[in-house]
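Below is one structure, written out as structure tokens, with a few remarks after it.
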Amino acid sequence: MADTVLICPLCEATCGLTMSRDGEGRLRFRGNDDDVFSHGFICPKAVALADLHEDPDRLRRPLLRRNGRHVEVEWDEALAAVEEGLGRVIGAHGREAVAVYAGNAAAHSLSLMLYLRTFLTALGSKSFYTATSVDQMPKQVSGALLFGTGAHLPVPDVDRTSWLMILGANPYVSNGSLLTAPDMPGRLRALRRRGGKMVVVDPRRTQTAEHADEHHFIRPGGDAAFLFGMVHTLFDEDLVSLGRLADFTSGVDSVREVAAEFAPEAVAPFCGIDASIIRRLAREYASAPAAAVYGRIGTCTQEFGTLASWLVDVLNVLSGNLDRAGGAMFTLPALGGPTTRGEPGRGKGTRFGRWQSRVRGLGESFGELPVATLAEDIDTPGEGALRALVTFGGNPCASTPNVARLGAALETLDFMVSVDLYLNETSRLADVVLPAPSPVEQSHYDVLLNLLAVRNVARYAPAALPLPAGALPEWEILLRLSAAVAGEPGARPDPMQLDDMMVAVTAGLAVADPSSRVYGRDRDEIIAALGASRGPERMLDLLLRAGPYGDGFGSVADGLTLQRVMDAPNGVDLGPLQPRLPEALRTVSGSIELAPPVLVADSERLRQRLAETAADGALVLIGRRNLRSNNSWMHNVEMLVRGKAQCTLFVHPADAARLGLSDGGQARVVSRAGEVVAPVEVTDEIMPGVVSLPHGWGHGTPGSRHAVAAEYAGVNSNLLTDEHAVDPVSGNAVLNGIPVRVEVAEALAV
Ligand SMILES: Nc1nc2c(c(=O)[nH]1)N[C@H]1C(S)=C(S)[C@@H](COP(=O)(O)OP(=O)(O)OC[C@H]3O[C@@H](n4cnc5c(=O)[nH]c(N)nc54)[C@H](O)[C@@H]3O)O[C@H]1N2
Ligand SMILES: Nc1nc2c(c(=O)[nH]1)N[C@H]1C(S)=C(S)[C@@H](COP(=O)(O)OP(=O)(O)OC[C@H]3O[C@@H](n4cnc5c(=O)[nH]c(N)nc54)[C@H](O)[C@@H]3O)O[C@H]1N2
Ligand code: SF4
Ligand SMILES: [Mo]
């Protein structure tokens with residue numbers, strides 16, 4: 001059999017793969033050397049796709065809960081149960097009583113990327129939650145405020161930069177995030193080989209830090225203060241130099257005023273980095289030919305998440321590095337996106353807080369509510385309590401703060417549906433579980449991640465294996481679910497007509513958009529040209545052809561169509577990132593609004609905290625990621641979990657000595673929300689006063705189907721994180737810097 005080419009859907013790196021069979025017929029995945037973007041790079045997770053595909057625990061049939069047990073049923077029966085169950089809740093409590101949670105797979109599954117919207121529209125509930133609010137919501141909020149585009153953010157141009165500062169990210173392990181770049185380790189090595197410098201700021205000396213020129217421990221939550229110290233230095237030492245950005249940037253003076261309160265000498269005790277180091281880094285950064293500051297999970301999922309995310313961009317603007325080669329740049333994606341639609345250089349801006357969460361009153365952002373409020377909006381009795389939940393490709397009982405409360409709340413729901421590959425800690429609680437096909441049975445195009453890639457590329461891969469009998473493609477599952485909740489009982493729409501409607505709406509928007517390559521054309525002519533075949537490919541073809549490189553349905557010779565992209569199985573390289581400002585801006589003013597009032601105001605919260613330093617003996621918890629893991633969901637693959645235990649508590653030797661903890665012994669970790677007992681790993685790679693536990697573990701809960709994962713269960717670190725702790729601007733959960741007490745767990749000590 002000839003090798004089949006595919007694109008890895010597991011993480012943001014989007015590596016090209018090949019699939020073949022060995023002599024015994026077993027699947028084998030390798031890096032695709034000819035891929036225009038990844039050039040053969042691969043990590044252990046992609047090798048494990050074979051085992052994931054063959055995993056007997058992976059769901060293949062719809063499940064219905066009867067007498068507390070999940071039994072396999074036919075699709076029609078499962079979908080009828082959904083229509084009845086959700087219909088019952090909607091009839092009694094209204095549409096808002098049905099909540100939706102979309103997990104990480106919503107950024108990786110082509111079907112979810114294109115069809116989740118259809119389901120949300122059909123359902124018509126504002127009770128929508130995603131993994132974004134335990135992840136990058138602060139970055140999206142600050143991006144929307146500064147540039148007018150929440151989903152399309154500047155990306156550090158790692159391939160051309162000469163000075164890169166990484167805060168709260170570990171791309172040697174995560175392979176990059178909000179930064180799509182296959183082989184981040186190789187790209188970072190290349191940066192140093194060409195004489196560039198890499199600085200890592202992290203409470204842990206990570207694998208990435210080991211490969212950096214400099215690493216500085218920072219106190220968890222200290223980033224906004226530290227970055228303010230750098231901003232202050234730029235003004236103080238006359239190093240601000242916006243270059244061409246000055247023509248379309250407002251608010252510089254306000255930033256100068258706010259930063260005046262944050263001299264390096266004032267922030268140093270709070271963030272734990274010496275003032276002299278902060279000043280030196282600011283000078284180095286300002287004098288580098290091309291430099292970028294990049295922050296990720298550690299700067300987002302913390303107390304000052306939006307401030308820190310904002311200040312990353314503030315630095316890139318003040319130093320003139322935004323929108324220049326080697327700085328931080330916007331992509332020009334083939335499908336288009338928020339920066340390619342509408343009037344170039346100007347937009348409507350983003351309104352936040354159009355509705356609020358029920359109990360705590362936290363505002364929505366981009367149409368979703370903070371998931372940290374989901375449990376209380378279910379378990380607080382009274383008017384408006386949530387009564388049903390639909391989850392897509394997520395595991396909130398593993399990944400959101402205070403999972404004990406959420407799990408208990410989900411057990412009280414009237415009805416729950418999950419679409420997933422597994423019966424995990426969350427879907428085990430669902431009344432109906434619908435199996436998404438294996439990743440290798442799904443076609444792929446990175447609709448979202450190409451917005452954030454270090455190169456403009458267009459790559460499509462058809463499903464590597466056909467769907468087995470009795471399986472439904474995920475887009476069809478979504479259409480059938482949509483039809484089950486749209487309209488009224490007895491008058492539901494036809495699922496496939498919903499697909500036609502979606503294409504018609506998108507085509508209508510495209511012909512009305514002056515920036516589109518089909519502007520002014522006849523909508524029905526466009527729809528007819530797409531053909532009648534349903535599914536994601538038709539939508540992809542439409543978006544590609546109307547997009548910035550598109551053929552405009554015949555108006556641009558050699559423009560892209562889906563067929564042209566398919567004809568290049570190794571991908572179409574559209575070149576390195578190009579400067580796009582001010583045209584890519586979508587703010588109301590048409591300028592970079594560098595000093596959004598809400599962030600200037602939030603700076604005061606930080607200023608008031610500067611006087612605080614860690615009390616003697618106080619400990620805070622942070623997370624970490626493992627190379628052979630993917631959040632909560634690849635632990636049922638033996639080759640990824642065997643060997644040295646991954647779910648251990650990192651403790652600094654000084655703290656271990658003080659607390660009487662020993663390497664290999666057990667520790668009890670206690671927070672406001674809960675407690676866990678985990679094996680201790682004593683290591684000086686973690687900062688004193690900080691302990692670290694990875695998230696996504698704690699398997700083997702009753703009713704889940706995870707034979708392997710249950711053997712390597714680990715503990716769920718989100719038993720410790722606190723649902724009350726959120727970044728107030730974005731509502732994002734605080735998952736790092738959790739105050740904890742740690743003690744020897746006598747009973748379990750080895
Ligand atoms: N303490 C702590 N908590 C964290 C984090 C942290 O750093 N620390 N990180 C946070 C982050 S960044 C994230 S993104 C979240 C992740 O939070 P979630 O998205 O809730 O969790 P995942 O484990 O990524 O779950 C993904 C699910 O999608 C399923 N899946 C995979 N492919 C498909 C598919 O094609 N279709 C469907 N329908 N399902 C599929 C998998 O089986 C799995 O159950 O966790 C967050 N939680
Ligand atoms: N192998 C693997 N790859 C993955 C995933 C996975 O689970 N496993 N998950 C994927 C997902 S969903 C995402 S979002 C990305 C995330 O990608 P990254 O952000 O690169 O991932 P992390 O390894 O969580 O890195 C966060 C870092 O922040 C540090 N940190 C914690 N608190 C603070 C703080 O207050 N300040 C600073 N400066 N640093 C802090 C931690 O020590 C850690 O090193 O990874 C993706 N890739
Ligand atoms: S780095 Fe990510 S995209 Fe690349 S092979 Fe590994 S899991 Fe797949
Ligand atoms: Mo994430």
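Not measured: the values here are computed from a predicted model. In listed order, ligands and their atoms are each counted from 1.
Checked by distance only, ligand 1 and Asn104 come closer than 3.5 Å through their nitrogen or oxygen atoms. Note: no N/O pair closer than 3.5 Å links Thr400 and ligand 1 by distance alone. Geometrically, ligand 1 and Val419 share a nitrogen or oxygen pair separated by less than 3.5 Å.
Each of the following atoms of ligand 3 lies closer than 4.0 Å to a heavy atom of Asn175: 1 (S). Atoms of ligand 1 found under 4.0 Å from any heavy atom of Asn424 (numbered from 1 in listed order, with element): 44 (O). Under a 4.0 Å criterion applied to the non-hydrogen atoms of Leu10, ligand 3 contributes the atoms 7 (S).
Distance check for Cys11 against atom 4 (Fe) of ligand 3: none of its N/O/S atoms falls below 2.8 Å.
Residue contacts with ligand 1 for Thr301 are absent, since no atom lies close enough (heavy atoms, distance under 4.0 Å). Of the heavy atoms in Asn630, none comes closer than 4.0 Å to ligand 3. Of the heavy atoms in Gln136, none comes closer than 4.0 Å to ligand 1.
Protein heavy atom closest to atom 26 (C) of ligand 1, with residue, atom name and distance, is Gly393 O, 3.4 Å. When hydrogens are left out, the protein atom nearest atom 35 (O) of ligand 1 is Gln442 NE2, 3.0 Å; that is the closest non-hydrogen contact. The protein heavy-atom contact nearest to atom 4 (C) of ligand 1 is His695 CD2, 3.4 Å. Remark: minimum distance from atom 8 (Fe) of ligand 3 to any protein heavy atom is reached at Cys8 SG, 2.3 Å. From the protein, the heavy atom lying nearest to atom 42 (O) of ligand 1 is Asp420 OD1, 2.6 Å. In terms of protein heavy-atom proximity, atom 32 (N) of ligand 1 is nearest to Leu421 CD1, 3.7 Å. In this structure, the protein non-hydrogen atom closest to atom 9 (N) of ligand 1 is Arg625 NH2, 3.1 Å. For atom 4 (Fe) of ligand 3, the closest heavy atom belonging to the protein is Cys15 SG, 2.3 Å.
For the residue pair Ser692 / Arg624, a side-chain donor-acceptor distance below 3.5 Å is found, with atom types taken as modelled. With hydrogens and angles left out, the side-chain atoms of Tyr445 and Glu537 include no donor and acceptor closer than 3.5 Å.
Among Val676, Thr648, Leu720, the one residue that satisfies the side-chain contact (heavy atoms from CB on, under 4.5 Å) test with Val715 is Val676.
Within the 4.5 Å cutoff, no side-chain heavy atoms of Pro396 are placed close to those of Glu425. In this structure, the side chains of Leu116 and Phe128 come closer than 4.5 Å at one or more pairs of heavy atoms.
Closest heavy-atom approach to atom 18 (P) of ligand 1 among the candidates Gly168, Ser399, Pro437: Ser399.
The OG atom of Ser730 sits 10.0 Å away from the CD atom of Gln140 when rounded to the nearest 0.5 Å.
Between Asp159 and Arg455, none of the side-chain N atoms (NZ, or NE/NH1/NH2) sits under 4.0 Å from a carboxylate O, so this pair counts as no salt bridge.
Taking the six-membered ring for Trp and the full ring otherwise, Tyr422 and His706 have centroids separated by under 6.0 Å.
Closest non-hydrogen pair, Ser438 versus His53, comes out as OG-ND1, 2.7 Å. Heavy-atom minimum distance, Ser127 versus Leu369: CA-CD1, 4.4 Å.
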